[in-house]
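Notes to accompany the following structure.
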Amino acid sequence: MPIWIMRDFSKCSSCKLCEIACSLKHEGVVWPEASRIRIYELIPGLPVISTCVQCDDYPCVSSCPSQALSTGEHGQVLVDENKCTLCGTCVYACPGKIPRIVRGVQSVIICDLCDGEPECVRICGEMGYHALQLVNKPDGEIVKNYLVSPEDASLKLLAKATGEE
């Protein structure tokens with residue numbers, strides 16, 4: 001069954017422990033730049049949690065000319081590092097521009113849900129923030145609400161915070 005990381009921006013403290021836990025899990029070192037989840041704070045005090053939303057149509061996967069991307073049993077995007085050419089096609093195909101190319105990593109990086117047990121969700125819960133929750137993947141309309149760039153999400157949060165929504 002597909003799972004999903006539900007994000008509650010209002011509970012995020014911008015501590016970035018999720019980024020640290022993710023980079024430790026995937027890279028073996030504290031390297032937030034290579035984290036599959038990112039916290040952007042483009043407007044001070046309004047953190048935006050950014051990670052793959054597992055689009056219903058997976059434009060990143062279908063756009064990959066080398067077929068380096070596929071989907072896993074939990075609905076996550078998997079990267080075959082041996083096939084990825086770092087062409088960036090998946091980055092441009094993604095509505096949220098989530099896949100990233102990071103210097104020093106040999107393939108594109110994107111959330112793989114830690115094979116069903118995301119480290120980011122674990123550490124966020126252990127710290128008592130609960131800004132990240134692992135849930136069954138909701139229908140497409142909810143998912144589409146998260147399909148925005150960090151810049152657009154920041155502007156939406158600002159409008160909500162100032163009552164201009």
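What you see below is based on every heavy atom in this structure, not just the backbone, and it leaves out hydrogens, waters and symmetry mates.
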Practice task
May I ask you to test the Leu42-Val48 pair for a side-chain heavy-atom distance under 4.5 Å?
Solution key: no

Exercise for the section: May I ask you to decide if Gly45's main-chain N or O and Glu41's side chain share a donor-acceptor pair within less than 3.5 Å? Expected result: yes

Practice task
Kindly indicate whether the side chain of Ile5, heavy atoms from C-beta on, has any atom under 4.5 Å from the side chain of Cys120.
Solution key: yes

Exercise for the section: Could you go through the side-chain hydrogen bond (donor to acceptor under 3.5 Å, both in side chains) check for Asp112 and His26 one step at a time? Expected result: CA-CA 10 Å; Asp112 62 4; His26 289 89; 2.9 Å; yes

Handout entry: Candidate pair Arg36 and Glu19, rule salt bridge (charged side-chain N to carboxylate O under 4.0 Å, His left out), full reasoning
Key = CA-CA 7 Å; Arg36 277 73 174 160; Glu19 291 181 359; over 6 Å; no

Exercise for the section: Answer yes when Glu33 and Arg103 have at least one side-chain N-carboxylate O distance shorter than 4.0 Å, and no when they do not. Expected result: no

Problem - Flag side-chain contact, heavy atom, 4.5 Å: Ile49 against Phe9 - result: yes

Handout entry: Gap between atom OG of Ser14 and atom OH of Tyr129 - 0.5 Å precision
Key = 10.0 Å

Handout entry: Non-hydrogen side-chain atoms of Leu132 and Pro118 separated by less than 4.5 Å
Key = no

Practice task
Would you mind reporting whether Ile37 and Cys111 have side-chain heavy atoms less than 4.5 Å apart?
Solution key: no

Completion exercise
In this structure, SG of Cys18 is separated from CE of Met127 (nearest 0.5 Å) by 11.5 Å

Problem - side-chain contact (heavy atoms from CB on, under 4.5 Å) partner of Ile3, chosen from His74, Lys137, Gln54, Gln76 - result: His74

Exercise for the section: Using a 4.5 Å cut-off on heavy atoms from C-beta on, say whether the side chain of Ser154 contacts that of Tyr40. Expected result: no

Problem - Sub-4.5 Å side-chain heavy-atom contact between Cys55 and Pro95 - result: yes

Fill in the blank from the handout: dist Leu24:CG -> Leu17:CG (nearest 0.5 Å) comes out at 10.5 Å

Practice task
Could you grab the distance from atom CD1 of Ile101 to atom CD1 of Ile109, nearest 0.5 Å is fine?
Solution key: 10.0 Å

Problem - Glu81 backbone acceptor or donor facing Ser107 side chain under 3.5 Å - result: no

